[in-house]
Amino acid sequence: MKLIESKTLASAAAQIEFTAIPSTFTDLIILCSLRSTSTDAYVNINLGFNSNTANFTARWLYGLGSGGTGSASSLVRYAGDLNTANDTANTFSNSSIYIPNYTGSTHSKSFSTDSVRETNASANASAISAGLWNDTAAITSVQLDSSDGNFVVGSTISLYGVLKGSDGIVTTS
Amino acid sequence: MPTPTYTPLATVTLGSSAASVTFSSIPATYRDLIFVLSGVVSAGAGEVIRVNFNGDTTSGNYSAVFANGDGSNTASGTEARRFGLMYVSRSQTVASFMDYSATDKHKTYLSRAGGASNAFEMIAGRWANTAAITSFRVFPDANGFASGSTLSLYGVIA
C-alpha cells in the first residue's frame, strides 16, 4: 500500500478531488477525517468517479448511538457519515473507502466503506456500505462531496494504491 | 514516501469460472493477511462464500456471526464458515485474518462483503484451531466465481 496523495484543507471546500490517478495499482484505499459545516441532522459523503454522479447505487447498514439500527439505499452515492456543526467541537468523522480493480475496463466498479461519526454525544453513528458505479470506464479521478455544506478547515483525506503482484511463493489454484 | 504496509502475495483473475480458489504456501512472515475479492457469481442470483483453512473441511470447527442490510431490512445470525457474499452484479469481499501465523490461539477473521444492488454485511468468524494458517480455500455455496473475478491476498507487516 503506497500513498498516492494526501490533502489537508486550508479553507472550507464543497468538494475534495483526486485527479490523474495512476493506473499502476490494483486497488485504491481512501482514508478520511472529515467534518461538515452543515447544521443538518445527518450529512454524508457522496462519492463520484471521473466527475460522474449518475449510475450509482448503494446499500448500507448502520447503528446509532441511540440504539437504533437499520439499512437503507436511498443515497445512491453514499460513502459514510459526517460530523456536522451540530456536533461537539473538534470532532471529525472517520471513513475508509475500498475500491478494488479500479483500472478494469470490462466491469462496473464496486466499492465498500466503513465509517463512524463519533460525537461524544447522542448522535453517534457507525455504518458499513456497498456501492456500485455501473460504468466500465477505468477510474482516473475521485470526487468526494458533502451532501450539505462544506468540508471544514483541517479535514484530511489520503489516497493509497494497493499493488498487485506475487511473492513467488503463494500459489493459487 | 511511507513504508508500504500491504505486500502483494498473490493475485488471480479468473480466465474461466471456478468452483473455488485456494491460496497455498502462505509464508508466516507477516502479522495479518488481507483478502480482497472483486467478482460476480457464475450462475444464479447470489451466493454465500465460505472458507476452509489448511484443508480442514469439518464444519464444526468453524463459527461465524454476521449482520447485514439489504437497503430496507436488517438481519443477523450465525453460520459456520460464512466468509463473504457475491451477486450477479459486481460484488466484493474484504477480509482480515488476524495473527494468522500464531500457534497459541484460534484464528479469527473479519469480513465486509456484498454488493450495492443486493445486500452488504459484516462477518466475524473463528476457526477453532491453533495451527498457523498456511493455506485457505474460498468457495461459493452452490456454483462458482465467474470468469473475470479477481482474488488477491496481501500480507501486512507488523
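Residue numbers start from 1 in every chain, and the chains themselves are labelled A, B, ... in the order their sequence lines are given, proteins ahead of strands. Heavy-atom basis, side chains included; hydrogens, waters and symmetry copies ignored.
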For chain B, the option from Pro100(A), Ser74(A), Gly70(A) that forms the most heavy-atom pairs under 4.5 Å: Pro100(A)
Using non-hydrogen atoms and a 4.5 Å limit, figure out which bit of Thr13(B) sits close to chain A: side chain, backbone, both or neither. neither
Of the listed Ile26(B), Val36(B), Leu151(B), Val94(B), the one with the largest count of heavy-atom pairs under 4.5 Å with chain A is Val36(B)
Which one of Gly155(B), Pro27(B), Gly114(B), Ser72(B) has the most heavy-atom pairs closer than 4.5 Å to chain A? Ser72(B)
Under 4.5 Å from any heavy atom of chain B, what part of Ile29(A) do you find: side chain, backbone, both or neither? side chain
Any Lys/Arg nitrogen of Asp87(A) or Arg35(A) sitting under 4.0 Å from an Asp/Glu carboxylate oxygen of the other? no
Please identify, among Thr134(B), Val156(B), Asp70(B), Asn73(B), the residue contributing the most non-hydrogen atom pairs under 4.5 Å to chain A. Asp70(B)
Determine the interplanar angle of the Phe49(A) and Phe111(A) rings, folded into 0 to 90°, and report it as parallel if under 30°, tilted if 30 to 60°, perpendicular if over 60°. perpendicular
Contact part of Ser129(A) toward chain B, heavy-atom cut-off under 4.5 Å: side chain, backbone, both or neither? backbone
Between the side chains of Thr119(A) and Asn124(A), is a donor N or O closer than 3.5 angstrom to an acceptor N or O? yes
If you take all heavy atoms of Phe120(B) and Ala130(A), which pair is closest and at what distance? CD1-CB, 3.2 Å
Going by distance alone, is a donor N or O of one side chain under 3.5 Å from an acceptor N or O of the other, for Thr57(B) and Asn52(B)? no
Most chain B-contacting option - heavy-atom pairs closer than 4.5 Å, from Gly104(A), Ala58(A), Ser108(A), Ser110(A): Ser110(A)
Which atoms of Asn134(A) approach chain B - backbone, side chain, both or neither, heavy atom under 4.5 Å: neither
Please classify the contact of Arg112(B) with chain A as side chain, backbone, both or neither, using a heavy-atom distance under 4.5 Å. side chain
Heavy atoms only, distances under 4.5 angstrom: which of Thr69(A), Thr106(A), Val162(A) has the most pairs with chain B? Name it, please. Val162(A)
Going by distance alone, is a donor N or O of one side chain under 3.5 Å from an acceptor N or O of the other, for Ser146(A) and Ser36(A)? yes
If we define contacts as heavy-atom pairs under 4.5 Å, which of Val40(B), Asn118(B), Ile34(B), Val21(B) has the most with chain A? Asn118(B)
Check the pair Trp127(B), Asp56(B) against side chain to side chain donor-acceptor pair (under 3.5 Å), reporting the backbone distance first and the verdict last. CA-CA 9 Å; Trp127(B) 179 40; Asp56(B) 182 0; 2.9 Å; yes
Hey, what's the ring geometry for Phe97(B) with Tyr109(B), parallel, tilted or perpendicular (30° and 60° as the breaks)? perpendicular
Under 4.5 Å from any heavy atom of chain B, what part of Leu61(A) do you find: side chain, backbone, both or neither? side chain
Looking only at Ser117(B), Ala67(B), Ser135(B), the option with the highest number of non-hydrogen pairs under 4.5 Å against chain A is Ser117(B)
